[in-house]
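For reference, the structure discussed in these notes is given below.
Chain letters run A, B, ... following the sequence lines, proteins first, then strands; residues in each count from 1. Note that the structure is predicted; figures quoted are calculated from it, not measured.
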Amino acid sequence: MSNGPEDEDGYDFAAIQAKWAPIWEELEPFRTSDPGDVRPRKYVLDMFPYPSGDLHMGHAEVYALGDIVARYWRQQGFNVLHPIGWDSFGLPAENAAIKRGIDPRGWTYDNIAQQKKSMKLYAASFDWSRELHTSDPEYYKWNQWLFLQLYKKGLAYRKDSWVNWDPIDQTVLANEQVLPDGTSERSGAVVVKKKLTQWYFKITDYADRLLDDLNQLEGTWPTKVLNMQRNWIGRSIGADVDFVIEGREAPVSVFTTRPDTLHGATFMVVAPDADLAAELVAGASAEVRENFAAYLVKVQNSTEIERQATDREKTGVFLERYAINPANGERLPVWAADYVLADYGHGAVMAVPAHDQRDLDFALRFDLPVRVVVDTTAPVTGVIPVITPGMLDGSEELPDDPANGVDSDALDPAKSGTALAGEGRLINSGALNGLTKSNAIKRMIEQLVADGTGRATKNYRLRDWLISRQRYWGTPIPIIHGEDGTEIPVPEDQLPVLLPPTDGLDLKPKGTSPLGGATDWVNVVNPIDGTPAKRDADTMDTFVDSSWYFLRFLNPTDDTKAFDPKEADKWAPVDQYVGGVEHAILHLLYARFITKVLFDLGFVTFTEPFTALLNQGMVILDGAKMSKSKGNLVYFTEEVDKYGVDAVRLTMAFAGPPEDDIDWADVSPVGSAKFLARAWRVARDVTSAPDVEWKTGDAALRRVTHRFLADAPSLIESFKFNVVVARMMELVNATRKVIDTGAGPADAAVREAAEVTAMALNLFSPYTAEDMWQRLGYEPCVALAQWRKADRSLLVAESVTAVVQVDGKVRDRLEVSPKISNDDLEVQARASAAAIRSIGDREIVRVIVRAPRMVSIVTKPAG
RNA sequence: GCCCCCGUAGCCCAACCGGCAGAGGCAGGCGACUUAAAAUCGUCACAGUCUGGGUUCGAAUCCCAGCGGGGGCACCA
């Protein structure tokens, strides 16, 4: 679509863009720096982009939506901080550099230049004076500072552990970077396990707070994200139970969420890759040791995909050892099996096959006993009589277990193959018999505590955050390793530890960090005793960079501190964060964690970084995610060239609720462009002067205008951007009508409507809005014009339609005054001929009146 | 397996606290302007809200069950 051969005074988006971009560049209307500004503050933040090339349609969406919010608050009289920067460390730059034999710096900063150009054209209302790049030493110096703060607190530590290994990128991955199908989020390679010494942040120390503080965000974060985070942290409440192992001094603890079923434990299982398994098998026969060794090799060579296939047959090896059940003294055989995870709980479980499907599958496979200890039929069938509270607290006798008349075979897990996971009452469990599940859990924990063989405890699905990467293009870890293996943190006054130049370095993935090859850089002198020492050659996960960038925007050029706590007090936390749902877990969880650490260290006074969150959906095409490989890409620059910035932005807002995906095949940038032209022509056609008295204008149009002024703010605040656009269209349509077939272009209400349209359009399509504003006789910038208050007297309609229902069906409509009383309305409704007709000879039993909208007459059915 | 979200015209989507199912757009039909077309302007809606129950004077909206679609987590004890 193009503007075509228009009359000389037609709408031309290209000309308008070319006209206003340099003027805004000059005026810098969105710079936020005046310390004397007394307006209330809002910090609106859009997730910063990774510069992987030019902007794409996803960027077009997020920056369109974030800008609506930022511009809105400015018009509402707030001092708005809306910064932008680049998340510019990371693997794609390095991979591109390797492929083309160039420096990742060049690639990265070229892309940033390209994106910046597009972003400026896109006219998001950013404060460009605060622009930052995480790959600048001025930024990553403070990543290193942050690392040292965590290190001092014992929250950054090194451990030797099984890690996720990406065989293509030749680097470790955080759990969060392994996709559900067991492949790498980055390279797509099948992730394997490898034992390596790596740096971790102790996020698990914060698991409870990260979980519990989500409640504070209820209502301002999407429910979906809150649930995803809760799921990810995955807190389980249960108990640790200590089992004595024959021939071993220290008991072995297991974690269980079902301590009530302890009497039903018939064996124990340890993770084959846990140290405990190796220790226990050491005392076994040569044959078993051999079997175990072979099994372990098999387990370690299996991929995440293989391991996670839930329907695969259970495997395991008996270790020829026995554990003693602390509840009843029974001897339980100890097995090693890979359905038990080494890094969850204690890497060992008590197996209760009757009430856990995995344990049952294993028991049936290896012919181990199955003992039912919860009668799951009890509450359902009433086989056990009603249990009174007195019975539960022990003051009354519990009834015997009669369990007769029940088809025991169908319920026997050993025969049915289905574990009994449901509620029920305890049997075969000594003192617990007759108790419900929850009471039995309580009672059992009390008993374990009394015996000193167990305690209530919690476990988390969340693991510590693995932050080291064996790659070049990231923040060097500020640690020096002494010859004797000691870790020496680089003194803060020696930061930043600069990345060495790439000259002479082999960036190709080879399993160890390329920085190790920078001999001059790696080899240093131990700052404590002057002996030879080596720098840590790993770099940090780039999620460290983005976990605190919102604070750096407050004083991005300060080289004396990461951020200014006074500025943080003023601006932070972020009032409105806007970004893609793909960051619902990783980035948001890390940023929340780091914020809590900074709070504990006294650097900030808040515990959650993002007060409100808007997650926009994805831009897709024909129902499918856009991707290069599928060849269904829509290009940002093409769309912007074809339809104009304003039309693309408006389309993003109008497509539907922001959290829904936008199928670019379903929406119409052409339609958006047509609407913009239509709105623009309204402003062009206005012939009255700016000082015309609005009151003299067409009353009906004024009502439309003021209803819009009254409704739009709450719609914007609840992110119903699509509805606001629809309402703008309604306003423009109404104005057009008055110009063409009503009071005409000189009417004051036409000017008022056009001005309001320009102000509102500024949120979505700033170029068109600015041009309209100027044509209406005002100086730039419309973005700084304050939102007008609706005139309340114009909000009341002259008359409203009241409906008359008889037995729930609409039978008549009455035009009434909006101020009509319930009584008057009822009188009118009872007098309605249509109502009387449909009532017939039936008796009216009830009349419900909701003036001025509705009267409901209820009759008694005839006969 | 566990948790969450969504089903309204051909399509994208509205509908405040339960109160006239339609605000807006796309596609389409018709008309005006035009020699004609484009552009522009105007005009046109029996979809009864996925299905079945329930609550209610009244249900797209609340409750239950089911069907369909989407998302997150998952051998996490």
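Taking the side chain of Asp356(A) as heavy atoms from C-beta on, and the options G25(B), A77(B), C13(B), the nearest nucleotide is A77(B). When distances run from any side-chain atom of Lys720(A) to the nucleotides C73(B), U43(B), A15(B), the shortest one goes to A15(B). Which of C20(B), G25(B), A77(B) sits closest to the side chain of Met729(A) comes down to G25(B). Distance from the side chain of Ser668(A) is smallest to C26(B) among C73(B), C41(B), C26(B). Comparing A77(B), C13(B), C75(B) against the side chain of Asp338(A) picks out C75(B) as the nearest. For Val810(A), taking side-chain heavy atoms from C-beta onward, the closest of the listed nucleotides A77(B), C20(B), A14(B) is C20(B).
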message: What does the B/S/- profile of nucleotides 52-60 of chain B look like, 5' to 3', with a 4.0 Å heavy-atom cutoff to protein?
response: -----BS--
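The only option from Asp242(A), Thr457(A), Thr453(A) that meets the side-chain contact (heavy atoms from CB on, under 4.5 Å) definition with Ser253(A) turns out to be Asp242(A).
Between the side chains of Tyr460(A) and Asp208(A), at least one donor N or O lies within less than 3.5 Å of an accepting N or O.
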Polar-atom pairs under 3.5 Å, protein N or O versus N or O of nucleotides 4-12 of chain B: list them with distances, or write none.
residue: C12(B); atom: O2'; partner: Ala655(A); partner atom: O; Å: 3.0

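Dashed line: the shortest gap from a side-chain N or O of Lys674(A) to OP1 or OP2 of A39(B) is not under 4.0 Å.
Nucleotide C41(B): paired with G31(B) (Watson-Crick or G-U wobble, both distances less than 3.5 Å). Using the Watson-Crick or G-U wobble rule with both distances under 3.5 Å, G10(B) pairs with C26(B).
Against the 90° criterion about 0, the sugar-base torsion of C17(B) places it in the syn range.
Nucleotides C6(B) and C50(B), compared at atom P, are 13 Å apart to the nearest Å. Nucleotides C75(B) and A60(B), compared at atom C1', are 42 Å apart to the nearest Å.
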